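Here is the structure we will look at.
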There are 2 protein chains.
Amino acid sequence: MSSGEILNNIRRLRFNNGEMTQEQLAGKCSVTRQTIIAIEKGNYSPSLTLAFKIAKAFGVGVEDVFEFMD
Amino acid sequence: MSSGEILNNIRRLRFNNGEMTQEQLAGKCSVTRQTIIAIEKGNYSPSLTLAFKIAKAFGVGVEDVFEFMD
DNA sequence: ATATAATGTAAAATATATTTTACATTTAGT
DNA sequence: ACTAAATGTAAAATATATTTTACATTATAT
């Protein structure tokens, strides 16, 4: 899996959602803060399940959070 | 990751796309047929990267292929 | 009925995603 | 300047996704 193919707007969405912290987003998605950091930095591609949870936490669609560059 | 939370329309989309075989879809997504089978059956949640590749293979959005039930 | 194609099951090996734990650095508020 | 909060780095451990390999079953065409 090359996560370099996935870009994301997590940081911007966090800011626009009451300046949500990574910790808070992690809580909403039931994952660790480290996971959010890693995904936000594009260290690896998240599972689809987690991608959906992140999108839901922001009240948007998956493709509003993540973009596939191929 | 509980993949029970993700439903998909892969089989239907395969049928509607020239009756594409699992092998062909696997080829388009650069994964093994076994992976397609497992995902189609909901054995596990795919990586977001693969989800995007599958969606692209059908020329639709990720949320047209997968549905998050929570 | 036969042969081939497509789909399905299974398990070990391998690759990747996530967690745990710890510490460091930066940012924000006073 | 000080403190706490937020973010960041890192690596080992753990969990999950995918591959490899093999065989079985079902579907399709003749």
Side-chain angles (χ1 to χ4, degrees):
Chain A
M1 297 302 134
S2 168
S3 63
E5 298 176 4
I6 304 271
L7 299 181
N8 71 73
N9 304 308
I10 296 176
R11 199 174 186 97
R12 177 152 64 77
L13 286 164
R14 280 199 300 109
F15 183 80
N16 295 339
N17 276 269
E19 299 189 89
M20 196 189 293
T21 65
Q22 298 176 329
E23 188 78 62
Q24 290 174 322
L25 177 58
K28 285 174 177 291
C29 301
S30 300
V31 295
T32 64
R33 180 177 65 86
Q34 266 66 31
T35 298
I36 296 297
I37 293 173
I39 291 166
E40 196 166 291
K41 288 177 62 61
N43 288 354
Y44 52 72
S45 168
S47 69
L48 181 58
T49 300
L50 179 50
F52 267 121
K53 286 181 178 177
I54 291 172
K56 186 182 178 187
F58 293 129
V60 298
V62 169
E63 289 175 69
D64 292 312
V65 185
F66 302 96
E67 184 180 3
F68 183 52
M69 311 301 292
D70 62 299
Chain B
M1 298 301 127
S2 166
S3 62
E5 299 175 3
I6 304 271
L7 299 181
N8 70 75
N9 303 307
I10 296 176
R11 199 173 185 100
R12 179 153 61 80
L13 286 164
R14 281 199 299 112
F15 183 79
N16 294 339
N17 276 269
E19 299 191 274
M20 195 189 293
T21 66
Q22 296 177 329
E23 188 78 63
Q24 290 173 324
L25 178 57
K28 283 174 177 292
C29 301
S30 301
V31 295
T32 63
R33 182 179 63 88
Q34 265 67 31
T35 298
I36 296 298
I37 293 173
I39 291 167
E40 194 166 293
K41 288 178 64 61
N43 291 353
Y44 52 72
S45 169
S47 69
L48 181 58
T49 300
L50 180 50
F52 266 121
K53 287 180 176 177
I54 290 172
K56 186 183 177 187
F58 293 129
V60 299
V62 168
E63 287 174 71
D64 292 312
V65 184
F66 302 95
E67 184 177 3
F68 183 52
M69 312 300 295
D70 63 299

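Each chain gets a letter, A, B and so on, in the order its sequence line appears, and its residues count up from 1. On a predicted model such as this, the values are computed, not experimentally measured, just so you know.
One atom, OH of A:Tyr44, and another, C1' of D:dT14, lie 12 Å apart when rounded to the nearest Å. A straight line from CD1 of A:Ile36 to C1' of C:dT20 spans 16 Å, rounded to a whole angstrom. Put simply, CG on A:Leu48 is 16 Å from P on D:dT16, counting in whole angstrom units. Going from atom CG of B:Asn43 over to atom C1' of C:dT9 covers 10 Å, rounded to whole Å. Atom pair A:Ile6:CD1 and C:dT16:P shows a separation of 15 Å (rounding to whole Å applied). At whole-Å resolution of the value, CD1 in A:Ile54 and C1' in C:dA17 are 12 Å apart. Counting to the nearest Å, the C1' atom of C:dT25 and the CD1 atom of A:Ile37 are 12 Å from each other. The CZ-P distance, from B:Arg33 to C:dA5, rounds to 13 Å in whole Å.
At the phosphate of C:dT9, OP1 or OP2 sits under 4.0 Å from a side-chain N or O atom of B:Lys41. Considering only side-chain N and O atoms, B:Ser47 lies under 4.0 angstrom from the phosphate OP1 or OP2 of D:dT18. Proximity of B:Thr35 to the phosphate of D:dT18: no side-chain N or O atom is located under 4.0 Å from OP1 or OP2.
Judged purely by atom type and a 3.5 angstrom limit, B:Ser45 has no side-chain atom pairing as donor or acceptor with the backbone of A:Ser47.
Between B:Asn8 and B:Ile54, every side-chain heavy-atom pair lies at or beyond the 4.5 Å cut-off. B:Val31 has its side chain within reach of B:Ile36: a pair of non-hydrogen atoms, C-beta onward, lies under 4.5 Å apart.
To the nearest 0.5 Å, atoms CD (B:Glu63) and CG (A:Leu48) are separated by 9.0 Å. Atom CG in A:Asn9 sits 12.5 Å away from atom CZ in A:Arg14 (nearest 0.5 Å). The CD atom of B:Gln22 sits 11.0 Å away from the CD1 atom of B:Ile39 when rounded to the nearest 0.5 Å.
Looking at residues two or more places apart in sequence or on another chain, you find no ring pair (Phe, Tyr, Trp, His ring centres under 6.0 Å) involving B:Phe58.
The C1' atoms of five pairs define one axis at each end of the helix from C:dA1-D:dT30 to C:dT30-D:dA1, and these two axes lie 60° apart (to 10°).
A donor-acceptor contact under 3.5 Å is formed by the side chain of B:Gln34 with the base of C:dT9.
Within residues 8-24 of chain A, the residues having any heavy atom closer than 4.0 Å to DNA chain D are, in order of number, A:Arg11, A:Arg14, A:Thr21, A:Gln22.
By the criterion of side-chain heavy atoms lying less than 4.5 angstrom apart, applied directly or through intervening Ile, Leu, Val, Met, Phe, Trp or Tyr residues, B:Val60 is grouped together with A:Phe68 in one hydrophobic cluster. Hydrophobic cluster membership differs between A:Ile37 and A:Met20, with clusters built from Ile, Leu, Val, Met, Phe, Trp and Tyr side chains linked at under 4.5 angstrom.
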